[in-house]
Amino acid sequence: GEQVEQLPSILRVQEGSSASINCTYENSASNYFPWYKQEPGENPKLIIDIRSNMERKQTQGLIVLLDKKAKRFSLHITDTQPGDSAMYFCAASATGGYKVVFGSGTRLLVSP
Amino acid sequence: NSKVIQTPRYLVKGQGQKAKMRCIPEKGHPVVFWYQQNKNNEFKFLINFQNQEVLQQIDMTEKRFSAECPSNSPCSLEIQSSEAGDSALYLCASSLSWTYEQYFGPGTRLTVL
């Protein structure tokens with residue numbers, strides 16, 4: 001199995017609160033987990049990634065956690081702003097796997 | 001900022017017509033991906049290349065799509081006989097490898113009437 005399940009599909013939060021998106025993967029050989037943000041009419045852009053030799057990574061208000069045992073990784077956006085409103089996609093890939101599998105996406109809506 | 005170039009940005013075809021789109025990957029990136037993004041924003045992997053060689057593709061791509069990535073020329077994706085269900089945003093992405101960041105182009109939005 002190579003599916004990546006991403007939840008929730010829609011997430012509504014108030015400005016200033018945190019938002020969490022969860023992904024689970026099937027391929028135990030997966031070792032690279034990027035997160036992409038896609039704003040309306042734009043192409044997806046990498047915002048943060050984590051490799052399997054780490055359990056946590058943090059940058060500019062974003063935290064990624066990886067639980068290899070549970071095959072689960074998550075994105076946490078702290079202190080959300082209206083500009084964080086966008087589609088977010090998780091993905092997983094394995095060295096030599098020749099494929100990058102994307103989750104189905106989460107629409108984050110941050111209201112003022 | 002991504003330097004992946006995709007042309008055309010918009011493409012309108014009738015059912016049964018050929019639809020061809022092109023992609024120039026970022027310089028130095030040997031891996032190229034094509035995705036179809038539907039109106040629900042879901043990514044569907046179509047095909048990928050490494051140094052001009054097809055490494056993986058889905059059944060649909062094998063049967064109705066043709067794609068190539070010749071050296072020193074743009075990569076291309078062509079639908080031999082367009083169907084209404086092919087209407088979508090086609091995204092090209094390039095990368096150093098499968099376990100590195102993908103840089104996406106702006107996409108070609110195909111409408112099949």
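Just so we're on the same page: letters track the sequence lines, and every chain starts at 1.
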(request) If the plane angle is over 60° it's perpendicular, under 30° parallel, otherwise tilted; pick one for Phe33(A) and Phe73(A). (result) tilted
Output all donor-acceptor pairs under 3.5 Å across chain B and chain A; consider backbone as well as side chains.
{"from": "Gln37(B)", "atom 1": "OE1", "to": "Gln38(A)", "atom 2": "NE2", "distance (Å)": "3.0"}
{"from": "Gln37(B)", "atom 1": "NE2", "to": "Gln38(A)", "atom 2": "OE1", "distance (Å)": "2.8"}
{"from": "Asn48(B)", "atom 1": "ND2", "to": "Tyr98(A)", "atom 2": "O", "distance (Å)": "2.5"}
{"from": "Trp98(B)", "atom 1": "O", "to": "Ser93(A)", "atom 2": "OG", "distance (Å)": "2.6"}
{"from": "Trp98(B)", "atom 1": "NE1", "to": "Tyr98(A)", "atom 2": "O", "distance (Å)": "3.1"}
{"from": "Thr99(B)", "atom 1": "O", "to": "Arg51(A)", "atom 2": "NH1", "distance (Å)": "2.7"}
{"from": "Thr99(B)", "atom 1": "O", "to": "Arg51(A)", "atom 2": "NH2", "distance (Å)": "2.7"}
{"from": "Glu101(B)", "atom 1": "N", "to": "Tyr32(A)", "atom 2": "OH", "distance (Å)": "3.3"}
{"from": "Gln102(B)", "atom 1": "N", "to": "Tyr36(A)", "atom 2": "OH", "distance (Å)": "2.9"}
{"from": "Phe104(B)", "atom 1": "O", "to": "Asn43(A)", "atom 2": "ND2", "distance (Å)": "2.7"}
{"from": "Gly105(B)", "atom 1": "O", "to": "Asn43(A)", "atom 2": "ND2", "distance (Å)": "3.3"}

(request) Under 4.5 Å heavy-atom distance to chain B, tell me which part of Ala94(A) shows up: side chain, backbone, both or neither. (result) backbone
(request) Quick one: pull up CG in Leu66(A) and CE in Met54(A) and give me the separation to the nearest 0.5 Å. (result) 9.5 Å
(message) Heavy-atom cut-off 4.5 Å, strictly under: side chain, backbone, both or neither for Pro34(A) against chain B?
(response) neither
(message) Could you check whether Gln80(B) and Ser66(B), counting side-chain N and O atoms only, form a donor-acceptor pair closer than 3.5 Å?
(response) yes
(message) Determine whether the interatomic SG-SG distance for Cys69(B) and Cys75(B) falls below 2.5 angstrom.
(response) yes
(request) Would you list the pairs meeting disulfide (SG to SG under 2.5 Å) in which at least one residue belongs to residues 25-54 of chain B, sequence neighbours left out? (result) none
(request) Determine, for cysteines Cys90(A) and Cys23(A), whether their SG atoms are under 2.5 angstrom apart. (result) yes
(message) Check whether Ser82(B) reaches the backbone of Gln15(B) with its side chain - one donor and one acceptor, N or O, closer than 3.5 Å.
(response) no
